[in-house]
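A quick note: this is a predicted structure, and the numbers were derived from the prediction, not measured. Reminder, nothing fancy here: chain letters follow the sequence lines and each chain counts from 1.
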2 protein chains.
Amino acid sequence: MIKSLYYRVKGFLTPRPSSRAFRTNGETVSDQPNTPTLMFVAHRHAESRILAHLAKHGFDDLTPAQARVAARLNPAGMRLTTLAESAGLSKQTAAHLVSQLERSGYIVRVPDEADARAKLIRVAARGQAAQRCAREMEAEIESEWRDYLGPRRYTGLREALAELRAITDPYM
Amino acid sequence: MIKSLYYRVKGFLTPRPSSRAFRTNGETVSDQPNTPTLMFVAHRHAESRILAHLAKHGFDDLTPAQARVAARLNPAGMRLTTLAESAGLSKQTAAHLVSQLERSGYIVRVPDEADARAKLIRVAARGQAAQRCAREMEAEIESEWRDYLGPRRYTGLREALAELRAITDPYM
DNA sequence: TCATTGTAGTCAAAGGATTTGACTACTCGC
DNA sequence: GCGAGTAGTCAAATCCTTTGACTACAATGA
């Protein structure tokens with residue numbers, strides 16, 4: 001028996017409500033996509049809520065791609081190539097988004113003392129404010145997830161995802 | 001003590017190796033991003049491998065966005081609106097991608113008997129072949145992840161993700 | 001020292017993806 | 001039938017990403 005398709009109700013193992021097809025208006029839709037797709041769905045949900053939260057607090061000039069790349073920046077400063085690699089973008093795409101973020105006042109580019117070819121991308125005051133704003137919603141979402149799954153399972157989820165980085169994140 | 005930052009080695013609780021900063025060439029990079037970002041990283045890895053696998057087997061005219069939308073189709077047929085909603089796209093974007101997929105022979109649009117306004121998007125033979133091809137790599141990735149995390153933790157990951165759909169997937 | 005090789009970042013053009021707003025055709029409930 | 005709502009389309013504008021070529025500086029080793 002495939003255990004994961006069942007759950008416990010009043011002491012019995014019962015098919016999950018989600019394991020039926022739904023929307024049966026002439027079309028049928030199978031459920032439980034593969035694991036990567038499940039990750040995509042949850043990520044998209046979180047991202048759009050964070051973006052909406054930012055927009056509501058005055059950071060309404062951030063596009064999704066800009067926000068995604070800005071989320072990886074730390075105050076200490078980062079090189080473009082490192083940023084691109086960590087965000088999974090080409091240097092050109094990263095440079096394009098960084099230029100937009102610079103124009104909007106979220107970041108600044110300063111020379112890198114250690115290497116005259118390089119520049120450090122630093123989070124400006126406005127960028128730090130945006131990061132704080134984003135972190136508010138992130139915390140809210142994570143606590144919703146923790147409440148829904150329970151602390152034990154939520155921690156397990158996070159740890160499993162963190163460890164998967166070792167075999168999925170080319171930046172590591 | 002924050003438990004999740006520690007792991008068990010030879011009976012002791014030890015800081016995770018990943019909880020140091022890395023890339024210390026003048027820049028520092030903090031690690032362990034938030035949970036949604038961890039999901040994003042793993043999903044991106046899987047998606048690009050699936051796309052590469054498809055390209056290697058003759059499905060090299062699929063763009064990422066096309067593949068993402070095609071992955072949600074089932075052979076029974078689906079309406080555009082349903083597809084758009086399930087993929088998290090606007091109707092217009094979905095229609096655009098579906099037209100491309102139709103031109104490339106992956107899907108066909110047939111009238112919906114139940115509603116003269118609607119059409120059913122059906123996966124054509126080429127589309128079914130592509131879906132089989134994609135599923136090969138999906139299975140490979142899932143089994144790698146299972147091997148890496150162990151069956152127990154992998155199942156926990158999958159179940160947690162599946163249950164999160166209830167509060168993150170507007171389509172459900 | 002100087003030539004070679006490689007890395008950091010930029011420019012520009014092309015194409016792909018997505019949104020916005022307006023529109024037609026059809027359905028459903030009253 | 002009539003009004004409100006739904007399924008899908010058209011077109012324009014914008015955003016995102018890739019490709020290829022390029023400049024400037026760094027690191028290596030003869």
Side-chain angles (χ1 to χ4, degrees), chain A residues 23 25-27 40 44 47-48 51-52 55 60-73 77-104 106-122, chain B residues 23 25-27 40 44 47-48 51-52 55 60-73 77-104 106-122:
Chain A
R23 308 246 166 173
N25 55 348
E27 38 172 3
F40 175 75
R44 189 186 56 202
E47 187 178 53
S48 59
L51 241 24
D60 55 347
D61 52 352
L62 279 171
T63 66
Q66 285 171 24
R68 209 176 277 175
V69 84
R72 313 223 160 220
L73 288 170
M78 207 171 179
R79 292 186 186 168
L80 179 64
T81 304
T82 311
L83 177 61
E85 193 186 346
S86 107
L89 300 169
S90 64
K91 281 192 303 180
Q92 294 91 324
T93 303
H96 187 231
L97 296 169
V98 163
S99 295
Q100 295 174 339
L101 288 167
E102 191 172 31
R103 240 177 280 127
S104 312
Y106 288 100
I107 62 109
V108 290
R109 290 192 236 222
V110 300
D112 186 341
E113 303 296 334
D115 189 333
R117 291 170 302 178
K119 297 173 184 175
L120 287 179
I121 298 163
R122 287 242 166 85
Chain B
R23 307 246 164 172
N25 55 348
E27 37 173 4
F40 176 75
R44 190 185 55 202
E47 188 177 53
S48 60
L51 241 22
D60 55 347
D61 52 351
L62 279 172
T63 65
Q66 285 170 24
R68 206 176 279 175
V69 84
R72 313 225 161 218
L73 287 171
M78 207 170 177
R79 291 186 186 167
L80 179 63
T81 304
T82 310
L83 178 61
E85 193 186 344
S86 106
L89 300 169
S90 65
K91 281 193 301 180
Q92 293 91 325
T93 303
H96 186 233
L97 296 168
V98 163
S99 294
Q100 294 174 339
L101 287 167
E102 191 172 31
R103 241 177 279 128
S104 311
Y106 288 100
I107 61 107
V108 290
R109 290 192 236 221
V110 300
D112 186 341
E113 302 296 335
D115 188 335
R117 291 170 301 179
K119 296 173 186 175
L120 287 180
I121 299 164
R122 287 243 166 86

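Residues B/R109 and A/Q100 each lie close to DNA chain D; by heavy-atom proximity, the contact nearer the 5' end of the strand is made by B/R109.
Five base pairs at each end of the helix from C/dT1-D/dA30 to C/dC30-D/dG1 define two local axes, and these are offset by 30° (rounded to 10°).
Partners of A/A87 according to the side-chain contact (heavy atoms from CB on, under 4.5 Å) rule, which considers only residues two or more places apart in sequence or in another chain, are A/V69, A/R72, A/L89. Partners of B/E102 according to the side chain to side chain donor-acceptor pair (under 3.5 Å) rule, which considers only residues two or more places apart in sequence or in another chain, are B/R109. Every residue meeting the side chain to side chain donor-acceptor pair (under 3.5 Å) condition with A/S90, not counting sequence neighbours, appears here in chain and number order: A/T93. Residues that satisfy the side chain to side chain donor-acceptor pair (under 3.5 Å) test with B/R68, not counting sequence neighbours, are B/E47. Partners of A/T63 according to the side-chain contact (heavy atoms from CB on, under 4.5 Å) rule, which considers only residues two or more places apart in sequence or in another chain, are A/A65, A/Q66. When the side-chain contact (heavy atoms from CB on, under 4.5 Å) test is applied to B/A94, the partners found at least two apart in sequence or on another chain are B/L80, B/A84. Residues meeting the side chain to side chain donor-acceptor pair (under 3.5 Å) test with A/D61, sequence neighbours left out: A/Y106, A/R126.
Taking atom CZ of residue B/R79 and atom P of nucleotide D/dG8, one finds them 7 Å apart after rounding to whole Å. Atom-to-atom, CD of A/E47 to P of D/dC16 comes out at 11 Å; the value is rounded to the nearest Å. Regarding A/D112, its CG atom lies at a distance of 17 Å from the P atom of C/dT7, rounded to whole Å. As a whole-Å value, the separation of B/L97 CG from C/dG15 P is 18 Å. Rounded to whole Å, the distance from CD on A/Q66 to P on D/dT14 is 15 Å. Put simply, CZ on A/R44 is 11 Å from P on C/dT18, counting in whole angstrom units. Counting to the nearest Å, the C1' atom of D/dC16 and the CG atom of A/L89 are 10 Å from each other. Between the CG atom of B/L83 and the P atom of D/dT6 there is a distance of 19 Å, given to the nearest Å.
At the phosphate of C/dG9, OP1 or OP2 sits under 4.0 Å from a side-chain N or O atom of A/T81. Proximity of B/T93 to the phosphate of C/dA17: no side-chain N or O atom is located under 4.0 Å from OP1 or OP2.
Scanning all heavy atoms of the two residues, the minimum distance from B/S86 to B/M78 falls at OG-CE, 4.0 Å. Summarising the geometry of B/L51 relative to B/A67, their closest heavy-atom pair is CD1-CB, 3.6 Å, with the distance given to 0.1 Å.
Closest contact between the side chain of B/A118 and the listed nucleotides D/dT17, C/dT19, D/dG8 involves D/dG8. Closest to the side chain of B/K119, from the set D/dG8, C/dG9, C/dT18, is D/dG8. The nucleotide whose nearest atom lies closest to any side-chain atom of B/S90 is, among D/dG8, C/dT19, C/dA8, C/dT19.
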How does protein reach along nucleotides 21-28 of chain C, written 5' to 3' as B (base within reach of a heavy atom under 4.0 Å), S (only sugar-phosphate), or - (no contact)? B---BBS-
